[in-house]
Amino acid sequence: MRNKYAVFLVFIVALVIIEKENNIISRVSDKLTPKQNPQTTPQPNVSATVVLKHDAPNSSLSQLEPASKNPRRRVENYTKEVIRHKDGRKHILLLATTRTGSSFVGEFFNQQVGNMFYLFEPLWHVERKLALTTGGVNASVTYRDVLQQLFLCNFTLLESFIEPPPTAHVTASLFRRESSASLCEDPVCTPVIKDVFERYHCKERPCGPLNFTLASQSCLRKVHRAIKTVRVRQLESLRPLVEDPRLDVRFIQLVRDPRAVLASRMVAFSYKYKNWKQWEVNGEVPIDDDEVKRLKGNCESIRMSAEVGLRQPAWLQQRYMLVRYEDIARYPMQKAAEMYRFSGIPFTPQVKEWILKNTQASNEASGVYSTQKNSSKQVDKWRFSIPFNLAQMVQKVCGPTMKLFGYRFVNDKDTLTNKSYSLLDKKVFHFT
Ligand SMILES: *[C@@H]1O[C@H](CO)[C@@H](O)[C@H](O)[C@H]1NC(C)=O
Ligand SMILES: *[C@@H]1O[C@H](CO)[C@@H](O)[C@H](O)[C@H]1NC(C)=O
Ligand SMILES: *[C@@H]1O[C@H](CO)[C@@H](O)[C@H](O)[C@H]1NC(C)=O
Ligand SMILES: *[C@@H]1O[C@H](CO)[C@@H](O)[C@H](O)[C@H]1NC(C)=O
Ligand SMILES: *[C@@H]1O[C@H](CO)[C@@H](O)[C@H](O)[C@H]1NC(C)=O
Ligand SMILES: *[C@@H]1O[C@H](CO)[C@@H](O)[C@H](O)[C@H]1NC(C)=O
Ligand SMILES: *[C@@H]1O[C@H](CO)[C@@H](O)[C@H](O)[C@H]1NC(C)=O
Ligand SMILES: *[C@@H]1O[C@H](CO)[C@@H](O)[C@H](O)[C@H]1NC(C)=O
């Protein structure tokens, strides 16, 4: 009798062991599979829905990071890749601050007419309305939500920030509409309506007020989407965009020597810098002035975003690129090609042609947002317009930012205006 029980028990134990071992084996093979075939890409015709079935119902990608041992992770990555490989659609976000040449760099993408839907500074409306309603509290969350919707070609949320509110999804008030080729071409360009004044009207040809329904349809038809903004302050706030499986987002952060930015702002927005002009005469710069604090705040947020990006956390792998305006000005073609390579979008002859045309001789262009200039000539111009004491002040409040990006300090006026002395350290920002 006893023996019978013993045999039975041994049998059960054996079963349990075998089962466990099976589990271990399958887990081990789970771990080994991706290593054995590092180059394996998902089958192009595996349907996304089938793969999704294996997905945990509510696991967010953020839970799985950093480097979790969870075998589910592979499935997650796999799922995401399959969806993304399917259409190859890319979502480019060009992050900059004012006077960093972002209009110019935005054109690299805007000029890819045909398969690119490009929006110029849509958050302008959001910033204005939030400033009035909430004083700008939690703006970053709203910015992110609007960007997410725009990348999906849904203008509903943006519309709610436009003043006056669009009627039947039609507006004559979209900020800088003319800077988006996609909003000025057929069929988004509708016949002109008499007596409707549109401040930011299309320049190439006259169009009726903007119909967002048509814009959305056009956006959906284009392969890629790009948005330029100078309003996002923290890269980290955009993480949910990366985690949205409907999007394949790439961030390009554009930076520029803060001394040059200040010099440029003082010319473009001179009314804001009346005080500063005064200090320029007095010689003394009050370090606790509001404008100085603002400058410091800007430098800090740019640096903090760049530090996040350059650290390459798992969620940003292959999604972040840092570019210095000065490098673009000196090597526009090479840098544009790099940006396209990073974006995973073919660099078209159309874009090349535009760059050739717009980085060489031309004194025709004017206006504060002008993009047409001899860019390599422009790059050092500020050194002769900024008073040395202001350059020094910038070095004081933006020091760590300047160091990070490789902008050299100057200790006297002669060095500032010595053209043979480069203010640019050669720096390569790796992002693979
Ligand atoms: C995968 O796609 C190829 C070509 O598109 C097709 O020949 C093949 O039958 C497909 N395989 C499956 C499993 O659907
Ligand atoms: C997953 O869903 C369950 C119930 O639907 C919920 O209680 C839990 O908080 C969710 N987990 C996460 C990480 O969202
Ligand atoms: C999953 O993706 C993350 C980031 O996208 C990557 O670091 C990781 O190596 C991937 N894991 C596997 C098993 O492919
Ligand atoms: C700002 O966002 C935080 C977290 O999302 C929330 O707790 C807070 O109530 C928000 N504040 C306002 C004024 O909306
Ligand atoms: C667009 O976004 C709004 C909310 O912002 C949502 O209510 C609406 O369903 C979305 N439209 C589509 C077509 O997804
Ligand atoms: C906007 O375009 C849509 C799609 O073609 C059209 O149905 C709608 O009538 C247009 N709206 C106006 C006000 O013209
Ligand atoms: C642009 O400026 C650079 C530097 O001053 C100069 O060498 C170059 O000849 C200029 N290009 C044209 C086309 O004027
Ligand atoms: C300008 O800078 C160059 C390179 O650093 C240096 O050789 C030269 O002496 C400087 N000229 C003057 C006038 O300081």
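Counting starts at 1 for both ligands and their atoms, in listed order.
Closest heavy-atom approach to atom 5 (O) of ligand 6 among the candidates T190, L214, V170: L214.
When distances from atom 2 (O) of ligand 5 to the protein are checked, a heavy atom turns up under 4.0 Å. Protein heavy atoms are absent from the 4.0 Å sphere centred on atom 9 (O) of ligand 8.
Applying the 6.0 Å contact sphere to NZ of K426 captures no more than 12 heavy atoms from other residues, nucleotides or ligands.
Of all protein heavy atoms, the one closest to atom 11 (N) of ligand 5 is N154 ND2, 2.8 Å.
Checked against a 3.5 angstrom limit, the closest N/O atoms of S420 and ligand 8 fall outside it.
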*Could you go step by step and tell me if C398 and C299 meet the disulfide (SG to SG under 2.5 Å) rule?*
CA-CA 6 Å; C398 296; C299 276; 2.1 Å; yes

*Start with the C-alpha gap between Y320 and Q253, add the side-chain angles, then the distance that decides, and say whether side-chain hydrogen bond (donor to acceptor under 3.5 Å, both in side chains) holds.*
CA-CA 8 Å; Y320 175 83; Q253 187 179 3; 2.6 Å; yes

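Remark: ligand 8 atoms within the under-4.0 Å shell around heavy atoms of N418 are 1 (C), 2 (O), 3 (C), 8 (C), 10 (C), 11 (N), 12 (C), 14 (O). Contact atoms of ligand 6 toward N211: 1 (C), 2 (O), 3 (C), 8 (C), 10 (C), 11 (N), 12 (C), 14 (O) (distance under 4.0 Å to a heavy atom of the residue).
Taking the ring axis of Y421 as reference, the NZ or CZ atom of R408 stays within 45° of it and closer than 6.0 Å to the ring centre.
Heavy-atom minimum distance, K403 versus F409: CG-CE1, 4.3 Å.
A donor and an acceptor atom, one from each side chain of S264 and R99, are located under 3.5 Å apart.
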